[in-house]
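Lettering of chains follows the sequences in order, A, B, ..., and the numbering in each one begins at 1.
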Amino acid sequence: MKVSEIIDQLGLKVISGEKGLDRGISGAYVSDLLSDVMGNAREGQIWITLQVHQNVMAIASLKDLAAVILVKDLQANENTIHHSDEEQIPILSTSLSTYEITGKLYALLNKQ
Amino acid sequence: MELNFSIEGGDFTQAGQASSRVKKVLKQLGVDVKCIKSIVIALYEAEVNVVAHAHRGHILIQIEKDRITTTIEDEGPGIPDINLAMQEGFSTASKKVREMGFGAGMGLPNMKKNTDDLQISSVIGKSTIVKMVNYF
Ligand SMILES: Nc1ncnc2c1ncn2[C@@H]1O[C@H](COP(=O)(O)OP(=O)(O)OP(=O)(O)O)[C@@H](O)[C@H]1O
Ligand SMILES: [Mg+2]
């Protein structure tokens with residue numbers, strides 16, 4: 001499944017990194033601890049988090065993640081958005097909590 | 001081939017720049033993808049540790065035919081008990097650093113897991129030197 005395909009189905013907002021919307025999704029990783037993501041997330045995964053600063057995109061890019069979903073309508077910092085556009089890795093946003101969006105994404109990715 | 005980078009303590013906007021550059025260079029050299037992933041994890045953690053815990057630092061990357069050697073030398077508080085610092089979950093990170101999602105005490109364990117040889121030496125109150133070797 002591509003990043004663009006989950007947007008409608010999960011009601012996500014695209015904040016930035018539109019050029020990366022056709023990246024393929026290999027799964028997802030949920031964590032707010034950056035070293036945990038650095039050590040354990042895998043290429044092509046969607047990262048669900050409440051962290052909004054620039055280091056999120058540094059990690060997303062170093063790990064070749066497919067996209068980042070920010071929960072609870074949290075706003076990404078200006079330089080996070082800039083970095084997302086530059087690296088062409090989308091930042092998506094949801095009003096849902098981590099629990100709710102993770103459950104929905106899990107169901108969607110496992111339906112295929 | 002040699003690459004040099006300097007790091008300012010406290011400047012989180014810079015964290016990851018060396019890792020990002022090294023990733024690109026190793027890709028161009030055609031190094032095994034799995035090997036690049038490991039090096040990038042270890043180098044990023046080392047970079048962040050200087051930013052989070054020290055005043056300033058310098059990174060020297062030496063790429064040879066069969067290996068990459070990374071030396072990160074910083075001026076800072078040093079590490080009083082290296083064995084303790086290596087334990088997963090141990091962290092002295094400030095509240096501000098923790099709020100950013102750093103400070104889980106997973107950086108040094110990540111470096112250990114992702115390098116073939118990791119050596120740390122430190123002078124308390126003065127400096128820390130981290131040397132990592134990965135074979136391609
Ligand atoms: N360059 C350094 N200078 C001084 N102290 C350091 C340095 N690197 C690590 N330490 C010490 O070792 C501890 C453990 O480091 P480690 O990278 O494992 O975790 P952390 O940086 O606290 O959190 P995380 O890496 O999960 O964000 C640090 O909290 C700090 O006390
Ligand atoms: Mg660390």
Seminar exercise, completed: Among A:Met38, A:Lys63, A:Gln54, the residue with the most heavy-atom pairs under 4.5 Å to chain B is A:Met38

Problem set entry | Option that, when pairs with chain B are counted at under 4.5 Å, heavy atom only, ranks first among A:Asn40, A:Thr49, A:Leu33, A:Asn79 |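 Greatest number of close heavy-atom pairs with chain B: A:Leu33.
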
For this session: Verify, without hydrogens or angle tests, whether B:Asn134 (side chain) and B:Asn114 (backbone) share a donor-acceptor contact under 3.5 angstrom.
Result: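 A pair under 3.5 Å: yes.
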
For this session: Check whether any side-chain N or O of A:Gln45 sits under 3.5 Å from a backbone N or O of A:Arg42 as a donor-acceptor pair, and report yes or no.
Result: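 It does hold such a pair.
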
Exercise. Can you say whether B:Tyr44 sits under 4.5 Å from chain A via the side chain, the backbone, both, or neither, judging by heavy atoms?
Worked result: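 Contact with chain A is through the side chain of B:Tyr44 alone.
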
For this session: Let me know if B:Glu99 has heavy atoms under 4.5 Å from chain A in its side chain, its backbone, both or neither.
Result: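 Interface part for B:Glu99: backbone (N, CA, C, O).
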
Exercise. Non-hydrogen atoms of chain B under 4.5 Å away: do they reach the side chain of A:Asp32, the backbone, both or neither?
Worked result: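 Backbone of A:Asp32 only, per the 4.5 Å heavy-atom cut-off to chain B.
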
Exercise. What part of A:Ile59 gets closer than 4.5 Å to chain B, counting heavy atoms only: side chain, backbone, both or neither?
Worked result: side chain

Exercise. Do A:Glu100 and A:Ser97 have side-chain atoms, one donor and one acceptor, less than 3.5 Å apart?
Worked result: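 Yes, side-chain donor-acceptor contact under 3.5 Å.
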
Exercise. Which one of B:Arg56, B:His58, B:His55 satisfies the side chain to side chain donor-acceptor pair (under 3.5 Å) criterion with B:Glu75?
Worked result: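 Exactly one candidate clears the test, B:Arg56.
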
For this session: Considering only NZ, NE, NH1 and NH2 on the basic side and carboxylate oxygens on the acidic side, decide whether A:Asp64 and B:Lys23 come within less than 4.0 Å.
Result: yes

